[in-house]
Undergrad: 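I'd like to ask some things about the structure below.
Each ligand, and each atom within it, is numbered from 1 in the order the structure gives.
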Amino acid sequence: APNSWQTRARGSLLLAACADALGSVFEGQRGLDPERVAEAVDHVASSLCWTDDTAQTLVLAEHLAAHGGRIESDALAAGFADAWSAEPWRGYGHGAVQMLAQINDGTPWREAAQSAFGGSGSLGNGAAMRAAPVGLVPGCSLDEVAVAATASAGVSHVHPEGIDGAVAQALAVAIAARTPKDQGLQVNEVIEAIAARTGAVFAAELRAVPALLAGPAAAISDRYRCDATALGAVPPAIAVFLRHPDDPVALVKEAIGLGGDTDTIAAMAAAICGAHCGEAAVPQPWSAALEQAARVRAAADGLTRSGDAAQRRC
Ligand code: R7I
Ligand code: MG
Ligand code: MG
Ligand code: MG
């Protein structure tokens, strides 16, 4: 059925991977010319090559599928370290590289994650950028999604803001996947469902989103840093989704146009949008150009099966 969980899981992972690739060209730039962004998004000529955001998302999706929708931290940390050493050129964050290299050298992941950034742990958006699959395990309550997202983050991001980013993004995807496409999203209910499950600092940033939904997109990049931190990137991604819940092309253009961490903000907004709209909403020129599209679809199908009552534990 066009509204089934499978199409939503596929829509989420496919659209996120496409947005990651489209946004990667602009990562770190500010004050982007909207026409340059539109040109890149509207005229996809060559292959859409994704970055660490999608590499880690696929590791997490395949992990959840192999473990009945459950996080096994040792295996997940090893999976991230293996993916990095196989393809270190995907654009990983500075702290992530140090941590993954330590794991490959035999340091326990717990120690590597805790020692990041002088012992405070990473507050980067890396746990959020890969969190969508947690929201795509069928049959979980939102509380179960939050618990699983916390576990998925903890192998690399121990700072509370790094963890809250993953919780917020996984919950946004889970809520979008549960909301019928023809039924409007209740903005305040969505924000409160997420804010209630994050800490006070993160919740305050999320609660600023509803005021940014009607005005110009520039109000989003004025309000949030739109950088590689969880606090700076996840609320703007959720804002862009709520502004364009049914329009992936407008959503990706706007997310990239914010500037800063363009691949990650676009990928997170797109993961939420795809979970709401399903695979049919993915522009055909994007999916046709997407690197390893068959693997992305298979990962979504594995997530869909991970909700089978007989094996699910989340
Ligand atoms: O979180 P992480 O995997 O980064 C994801 C980002 C995305 O944009 C990807 O597309 C890729 O480009 O990287 O990797 P980290 O290095 O742990 O965190 C990302 C960035 O957040 C770091 O490079 C720092 O700039 C910043 N950051 C911090 N800055 C100060 N103090 C993270 N933690 C801290 C901190 O504790
Ligand atoms: Mg990236
Ligand atoms: Mg619109
Ligand atoms: Mg990025």
Side-chain angles (χ1 to χ4, degrees), residues 13 16-30 32 48-60 76-77 79-81 83-85 87-103 107 109 111-132 149-150 152-170 201-202 221 224-237 240 252 255-271 290-292 296:
L13 298 192
C18 292
D20 173 17
L22 289 164
S24 67
V25 180
F26 302 96
E27 192 180 24
Q29 298 181 40
R30 300 275 175 179
L32 286 164
L48 285 179
C49 187
W50 35 259
T51 78
D52 60 320
D53 301 50
T54 300
Q56 291 209 341
T57 298
L58 290 171
V59 169
L60 179 51
L76 182 61
F80 290 141
W84 169 73
S85 61
E87 301 178 325
W89 46 266
R90 289 265 184 206
Y92 287 83
H94 175 73
V97 167
Q98 286 194 319
M99 187 180 314
L100 294 163
Q102 281 181 294
I103 293 172
T107 305
W109 59 263
E111 212 174 290
Q114 187 62 64
S115 65
F117 294 94
S120 59
S122 175
L123 47 74
N125 60 25
M129 75 185 182
R130 68 184 185 225
T150 299
S152 75
V155 302
S156 55
H157 291 67
V158 299
H159 191 288
E161 289 172 20
I163 295 170
D164 276 350
V167 170
Q169 173 64 9
V201 172
F202 216 91
S221 48
Y224 301 110
R225 292 192 307 266
C226 300
D227 62 5
T229 65
L231 200 60
V234 178
V240 171
V252 168
I256 294 173
L258 297 175
D261 198 355
T262 49
D263 63 335
T264 303
I265 295 172
M268 292 192 295
L290 183 66
E291 177 195 359
Q292 297 181 43
V296 176

Undergrad: Sub-3.5 Å donor-acceptor pair from the side chain of T262 to the main-chain atoms of G259, do we have one?
TA: no

Undergrad: Could you list which atoms of ligand 1 come closer than 4.0 Å to a heavy atom of G91?
TA: 11 (C), 12 (O)

Undergrad: Under 2.8 Å from the Mg ion (ligand 2), is there any N, O or S atom belonging to E27?
TA: no

Undergrad: To the nearest 0.5 Å, what is the distance between CD on Q98 and OG1 on T107?
TA: 11.5 Å

Undergrad: Please confirm whether the backbone N or O of W50 pairs with a side-chain atom of E291, one donor and one acceptor, at under 3.5 Å?
TA: yes

Undergrad: When rounded to the nearest 0.5 angstrom, what distance separates SG in C49 from CG in L22?
TA: 11.5 Å

Undergrad: Quick one: nearest non-hydrogen protein atom to atom 28 (C) of ligand 1, plus distance?
TA: F117 CE2, 3.5 Å

Undergrad: Under 2.8 Å from the Mg ion (ligand 2), is there any N, O or S atom belonging to D53?
TA: yes

Undergrad: Does S24 put an N, O or S atom under 2.8 Å from the Mg ion (ligand 2)?
TA: no

Undergrad: Heavy-atom contact under 4.0 Å between H159 and ligand 1?
TA: no

Undergrad: Could you tell me which non-hydrogen atom of R130 sits nearest to which non-hydrogen atom of T57, and how far apart they are?
TA: CA-OG1, 3.2 Å

Undergrad: Considering non-hydrogen atoms only, spot the tightest contact between A116 and M99 and give its length.
TA: CB-CE, 3.8 Å

Undergrad: Is D261 close enough to the Mg ion (ligand 2) to have an N, O or S atom under 2.8 Å?
TA: no

Undergrad: Rounded to the nearest 0.5 Å, what separates atom OG in S122 from atom NE2 in H157?
TA: 3.5 Å

Undergrad: Report yes or no: does a heavy atom of E27 sit under 4.0 Å from some atom of ligand 1?
TA: yes

Undergrad: Looking at F202, is its backbone amide N or carbonyl O close enough to the side chain of D164 to form a donor-acceptor pair, meaning the two atoms are under 3.5 Å apart?
TA: no

Undergrad: Using non-hydrogen atoms of the residue, decide whether H157 is closer than 4.0 angstrom to ligand 1.
TA: yes

Undergrad: I need the L258 CG to R225 CZ distance, nearest 0.5 Å.
TA: 14.0 Å

Undergrad: Do any of the N, O or S atoms of D52 sit under 2.8 Å from the Mg ion (ligand 4)?
TA: no

Undergrad: Give the residue and atom name of whichever protein heavy atom lies nearest to atom 16 (O) of ligand 1, and the separation in Å to one decimal.
TA: G95 N, 2.6 Å

Undergrad: So is A233 touching ligand 1 or not, going by heavy atoms under 4.0 Å?
TA: no

Undergrad: Just to be sure I'm reading this right: ignoring hydrogens, which of G124, G23, A96 gets closest to atom 14 (O) of ligand 1? Compare them by their nearest heavy atoms.
TA: A96

Undergrad: Which atoms of ligand 1 have any heavy atom of G121 under 4.0 Å away?
TA: 36 (O)

Undergrad: If you take the nearest heavy atom of each of L100, D263, N125, which one is closest to atom 5 (C) of ligand 1?
TA: N125

Undergrad: May I ask you to identify the nearest protein heavy atom to atom 9 (C) of ligand 1, giving residue, atom name and distance to one decimal place in Å?
TA: D52 OD2, 3.2 Å

Undergrad: Tell me which N, O or S atom of D263 sits nearest to the Mg ion (ligand 4).
TA: OD1

Undergrad: Is it true that a side-chain atom of Q114 and a backbone atom of G121 form a donor plus acceptor pair closer than 3.5 Å?
TA: no

Undergrad: Keeping N125 on the side-chain end and G232 on the backbone end, is there a donor-acceptor pair under 3.5 Å?
TA: no

Undergrad: I'd like to know if atom 3 (O) of ligand 1 has any protein heavy atom within a distance of less than 4.0 Å.
TA: yes

Undergrad: Once you round to the nearest 0.5 Å, how far does CZ of R30 lie from OG of S221?
TA: 8.0 Å

Undergrad: Atom 15 (P) of ligand 1: which of S122, A228, G162 has the nearest heavy atom?
TA: S122

